[in-house]
> 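Sharing a structure, written as structure tokens. Questions coming.
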There are 2 protein chains.
Amino acid sequence: MINPLARKLSSFVDLSPDDCRHLDDLCTDTRTWGAGGTLIREGERPEVVFLLLDGWACRYKLLPDGSRQIMAYLIPGDLCDIHIFILKAMDHSIGLLSEANVAAISKAAMQRTLEERPAIARALFWSTLVDEATLREWLVNMGQRDAYARLAHLFCEMWLRMKQIGLTHGNSFTLPVTQEELGDTMGLTSVHVNRVLQRLRAEGLLSLARGQMTLHDIDRLREIAGFDPNYLHLDRRD
Amino acid sequence: MINPLARKLSSFVDLSPDDCRHLDDLCTDTRTWGAGGTLIREGERPEVVFLLLDGWACRYKLLPDGSRQIMAYLIPGDLCDIHIFILKAMDHSIGLLSEANVAAISKAAMQRTLEERPAIARALFWSTLVDEATLREWLVNMGQRDAYARLAHLFCEMWLRMKQIGLTHGNSFTLPVTQEELGDTMGLTSVHVNRVLQRLRAEGLLSLARGQMTLHDIDRLREIAGFDPNYLHLDRRD
DNA sequence: CGATAGTTTGATATCCTTCAAAACCTGTGG
DNA sequence: CCACAGGTTTTGAAGGATATCAAACTATCG
């Protein structure tokens, strides 16, 4: 399976070969963007739905004082803006954390998919609910955990999400995010992120260098973070 | 208009009198719960959809160490658990902040509504997206603003949301939330919440006593909070 | 009127920020 | 192959926002 969206949705529903082909057909209009670019800006009303095929992006808001809060990481298989069917304008922006390959899906094509492919529609709704649950968990993370547990939690989550779409190699995965960006994600300064990372490294829990993350002791990291993956709803069984 | 859900959805779509009647019909099985009760517990799979008709509730998670994070306030017109159509189990709990009147809507009735009432279905999807946008804004709040701005922001938001459903009296509204609960909401201790509230009161910005909140200077509060209501998507105009 | 939950106060500790500079990469052009 | 530029990571010292702990005070309600 090549299409990362199909890969992701398959962890929730069984997609027919026909559904998979359909998803592939949606991804004909693709384009590569450079790292640091902006896919969608707050206030805009995009004309197409963007699907990340390769690379990382993030949802973020800029505040009047120049600070930035990153509110979600988008990885291959993630849709950027299904909101456009309903809402008048984006209430946040989407930026690229790495070079990325992005498919632009027309509103009409997307609409047709939702109407004609109930399995896909259902899985997309599931995906929306998981996004929301993830936001809630991030809120818990920011509100209740110190920087040490907070970073550990983020890394546990991203490892699982990357694994879900088949992009881990053992305990390693690509994490194309600077310490500055990690800070903007966790409500910390990059200085403090740096010091906490050093501690995590010194304790032999992980390695992170040149955008490559390896978790050496996932069990311990989960323990530190109080990580419970239930909010990702990866479990299909009833 | 009595039904608070109809009231809320009307700020997004024009509901026909028939739609409104339909919503009223959904609210036949109602019950009053005492403050402090738990509507739904994490891990459960509710059999019905709960709709808050009167009173306040909150989404929250309890952590192993006993701390609690409140992730959303639910006010009249809010649905507690549309998730049940898709997800296997609740990933958080819902508790009552005040005495509350709650309608229990059967899954089947809800399903029928979604299928037969496109205007309502569309409005409910809008409502879900607004909930998600609100979570993102809360994340910004926790990550980037200090306790002073954070509380100001929360109060600006709740005033607008209460206004939307017609439950404000001028600049006043019911806020049946203890300082402890405010702390669990904003990732602060109740002690610190207390001190910040005192400052806000001393500056003549608000009064809060016995669950009654009055905002004396909304413009100034918005300024302090950096409050931009765009994320609530209250504006219907294109 | 006493019990209980909620609010307020003070003193001290800690996590994290701020500021500023140095060290380290990585890619580029000479 | 070296030198240089720009972004990123690392380090140190000092300050500030918020937590912690413990006790007193205040409402509310049966």
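Quick note on labels: first sequence line is chain A, next is B, and so on, each numbered from 1. As a basis for the values below, the full set of heavy atoms in this structure was taken, side chains included, without hydrogen atoms, waters or symmetry mates.
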> Nearest-Å distance, CG (A:Asp146) to C1' (D:dT18)?
14 Å
> Can you tell me which nucleotide in D:dT18, C:dC16, D:dT10 comes closest to the side chain of A:Arg201?
D:dT10
> Whole angstrom is fine here: how far is it from CD in A:Gln144 over to C1' in D:dT20?
15 Å
> Between A:His83 and A:Ile40, is the side chain to side chain contact (heavy atoms under 4.5 Å, CB included) condition met? List the steps.
CA-CA 12 Å; A:His83 321 73; A:Ile40 311 171; over 6 Å; no
> Should the pair B:Trp33 and B:Phe50 be assigned to parallel (<30°), tilted (30 to 60°) or perpendicular (>60°) ring geometry?
perpendicular
> Given C:dC16, D:dT11, C:dT9, which nucleotide is nearest the side-chain atoms of B:Gln198?
C:dT9
> Quick one: A:Arg210 CZ to C:dC25 P, roughly how many Å, whole number?
9 Å
> Quick one: B:Glu181 CD to C:dA5 C1', roughly how many Å, whole number?
11 Å
> Please determine, for the side chain of A:Asn194, which listed nucleotide (C:dC16, D:dT18, D:dT11) has the closest atom?
D:dT11
> Tell me what A:Gly187 touches on the nucleic acid: a base, only sugar-phosphate, or nothing, going by heavy atoms under 4.0 Å.
sugar-phosphate
> Please determine, for the side chain of B:Thr178, which listed nucleotide (D:dA19, C:dT17, C:dT7) has the closest atom?
C:dT7
> Taking the side chain of A:Val191 as its heavy atoms from C-beta onward, which of C:dA20, C:dC16, C:dT26 lies nearest to it?
C:dA20
> What's the CD-P distance between B:Gln212 and C:dT7, to the nearest Å?
14 Å
> Given atom CG of A:Leu188 and atom P of D:dT9, what is their separation to the nearest angstrom?
15 Å
> What's the CG-P distance between A:Leu151 and C:dC15, to the nearest Å?
15 Å
> Please determine if a side-chain N or O atom of B:Arg195 lies less than 4.0 Å away from the OP1 or OP2 oxygen of C:dT9.
no
> Under 4.0 Å between any heavy atoms, over every strand shown, what does A:Gly36 touch: base, sugar-phosphate, or nothing? Just pick one.
nothing
> Just checking, any donor-acceptor pair under 3.5 angstrom between side chains of B:Glu137 and B:Asn141?
no
> With B:Tyr73 as reference, evaluate B:Asp78, B:Thr134, B:Leu154 under the side chain to side chain contact (heavy atoms under 4.5 Å, CB included) test and give the passing residue.
B:Leu154
> Rounded to whole angstrom units, what separation is found between the CG atom of A:Leu182 and the C1' atom of D:dT10?
15 Å
> Give the minimum heavy-atom separation between A:Phe155 and A:Phe173, together with the two atoms involved.
O-CZ, 4.1 Å
> What's the closest nucleotide to the B:Thr189 side chain, out of C:dC16, D:dA19, C:dT7?
D:dA19
> At less than 4.0 Å, is any side-chain N or O atom of A:Gln179 found next to OP1 or OP2 of D:dT10? Yes or no.
yes
